[in-house]
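Quick note: residue numbers are just sequence positions, from 1.
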Amino acid sequence: MPPATKTPAKPTTAAPERSLVQRMEALQRANEIRTKRASLKRDLKAGRASIHLLLMEPPEYIETAKVFDMLLAVPKYGRVKVNKVLQVCRISPSKTIGGLSERQRAELISMLRR
């Protein structure tokens, strides 16, 4: 048998370095998104916002939020119930709101309306 040959490693390309200004802008943008999400979660908890409307037409700042985390903010939904709903709808707990397919979105909305 011939000896095992090592395959050459793929050359890695590093992301370009960001300037201080670019890093500060990204940090500011991230902080704004976190603040808006926290406010939205408070509104969901207080009943001032509807999870159904958010899932149908999500604002840009929650498209990268996890579905699991947003459902936890809804009254009467804890970890067990959220996991059960996601499992029935065949949605991964790590799925983002923007990453939901139309089928997943429709199933989730119908499950939450029950």
Side-chain angles (χ1 to χ4, degrees):
M1 275 186 12
T5 58
K6 291 184 181 180
T7 57
K10 292 182 182 178
T12 57
T13 56
E17 290 291 320
R18 291 185 175 181
S19 70
L20 177 61
V21 172
Q22 289 173 319
R23 288 196 310 265
M24 296 311 287
E25 286 173 354
L27 181 62
Q28 182 180 5
R29 216 172 22 255
N31 284 334
E32 288 171 3
I33 288 172
R34 279 190 214 103
T35 303
K36 287 180 181 178
R37 283 186 190 168
S39 174
L40 177 63
K41 287 181 182 180
R42 282 192 299 275
D43 289 346
L44 282 170
K45 191 72 84 183
R48 291 185 298 262
S50 166
I51 190 71
H52 307 107
L53 296 174
L54 290 173
L55 290 172
M56 283 190 270
E57 293 183 28
E60 186 179 326
Y61 64 91
I62 68 163
E63 286 194 350
T64 55
K66 304 280 188 224
V67 176
F68 184 87
D69 294 336
M70 296 310 287
L71 290 179
L72 277 180
V74 176
K76 299 182 183 178
Y77 278 83
R79 292 187 173 278
V80 173
K81 192 181 269 189
V82 169
N83 276 321
K84 189 175 181 180
V85 167
L86 292 178
Q87 188 175 25
V88 168
C89 294
R90 297 171 296 186
I91 299 172
S92 169
S94 61
K95 181 67 95 173
T96 62
I97 292 196
L100 289 172
S101 69
E102 288 303 315
R103 178 203 58 83
Q104 290 172 324
R105 196 176 301 274
E107 269 188 56
L108 185 56
I109 291 169
S110 71
M111 282 290 293
L112 294 174
R113 286 197 169 143
R114 290 183 189 171

Is the shortest heavy-atom distance from the side chain of Leu112 to the side chain of Leu71 under 4.5 Å? yes
Within one Ile-Leu-Val-Met-Phe-Trp-Tyr cluster: Leu72 and Val80, side-chain cutoff 4.5 Å: no
For side chain to side chain contact (heavy atoms under 4.5 Å, CB included), just list the numbers for Ile51 and Tyr77, CA-CA rounded to whole Å, side-chain angles, deciding distance to a tenth of an Å, and then say yes or no. CA-CA 12 Å; Ile51 190 71; Tyr77 278 83; over 6 Å; no
Taking only residues two or more places apart in sequence or in another chain, which ones pass salt bridge (Lys or Arg N to Asp or Glu O under 4.0 Å) with Arg48? Asp43
Is it possible for you to say whether Leu53 and Val85 belong to one hydrophobic cluster, with membership spreading through side-chain heavy-atom contacts below 4.5 Å? yes
Show every salt bridge (Lys or Arg N to Asp or Glu O under 4.0 Å) that has at least one partner inside residues 13-31, sequence neighbours left out. none
Listing request: all salt bridge (Lys or Arg N to Asp or Glu O under 4.0 Å) pairs with a residue in residues 76-100, at least two apart in sequence or in separate chains. Arg90-Glu107
Does any non-hydrogen side-chain atom of Leu40 lie less than 4.5 Å from one of Leu54? yes
Quick one: does Leu55's side chain get under 4.5 Å of Met70's, heavy atoms only? no
Ser101: partners by side-chain contact (heavy atoms from CB on, under 4.5 Å), with sequence neighbours left out: Arg103, Gln104
His52 and Ile109 have their tightest heavy-atom pair at CD2-O, 4.0 Å
Run the side-chain hydrogen bond (donor to acceptor under 3.5 Å, both in side chains) test against Asn83 and tell me which residues pass, sequence neighbours left out. none
Quick one, Ile97 with Arg105, criterion side chain to side chain contact (heavy atoms under 4.5 Å, CB included). Give me CA distance, side-chain angles, the key distance, then yes/no. CA-CA 9 Å; Ile97 292 196; Arg105 196 176 301 274; 4.2 Å; yes
Surrounding CD of Gln87 (heavy atoms of other residues, nucleotides or ligands, distance under 6.0 Å), is the total greater than 12? no
Roughly how far apart are Ile91 CD1 and Lys66 NZ, rounded to 0.5 Å? 13.5 Å
Atom CE of Met24 with >12 non-hydrogen neighbours under 6.0 angstrom: no
Distance (rounded to the nearest 0.5 Å) between Lys45 NZ and Lys41 NZ: 9.5 Å
Residues in side-chain contact (heavy atoms from CB on, under 4.5 Å) with Thr64, at least two apart? Arg37
Any donor-acceptor pair under 3.5 Å linking the side chain of Thr35 with the backbone of Asn31? yes
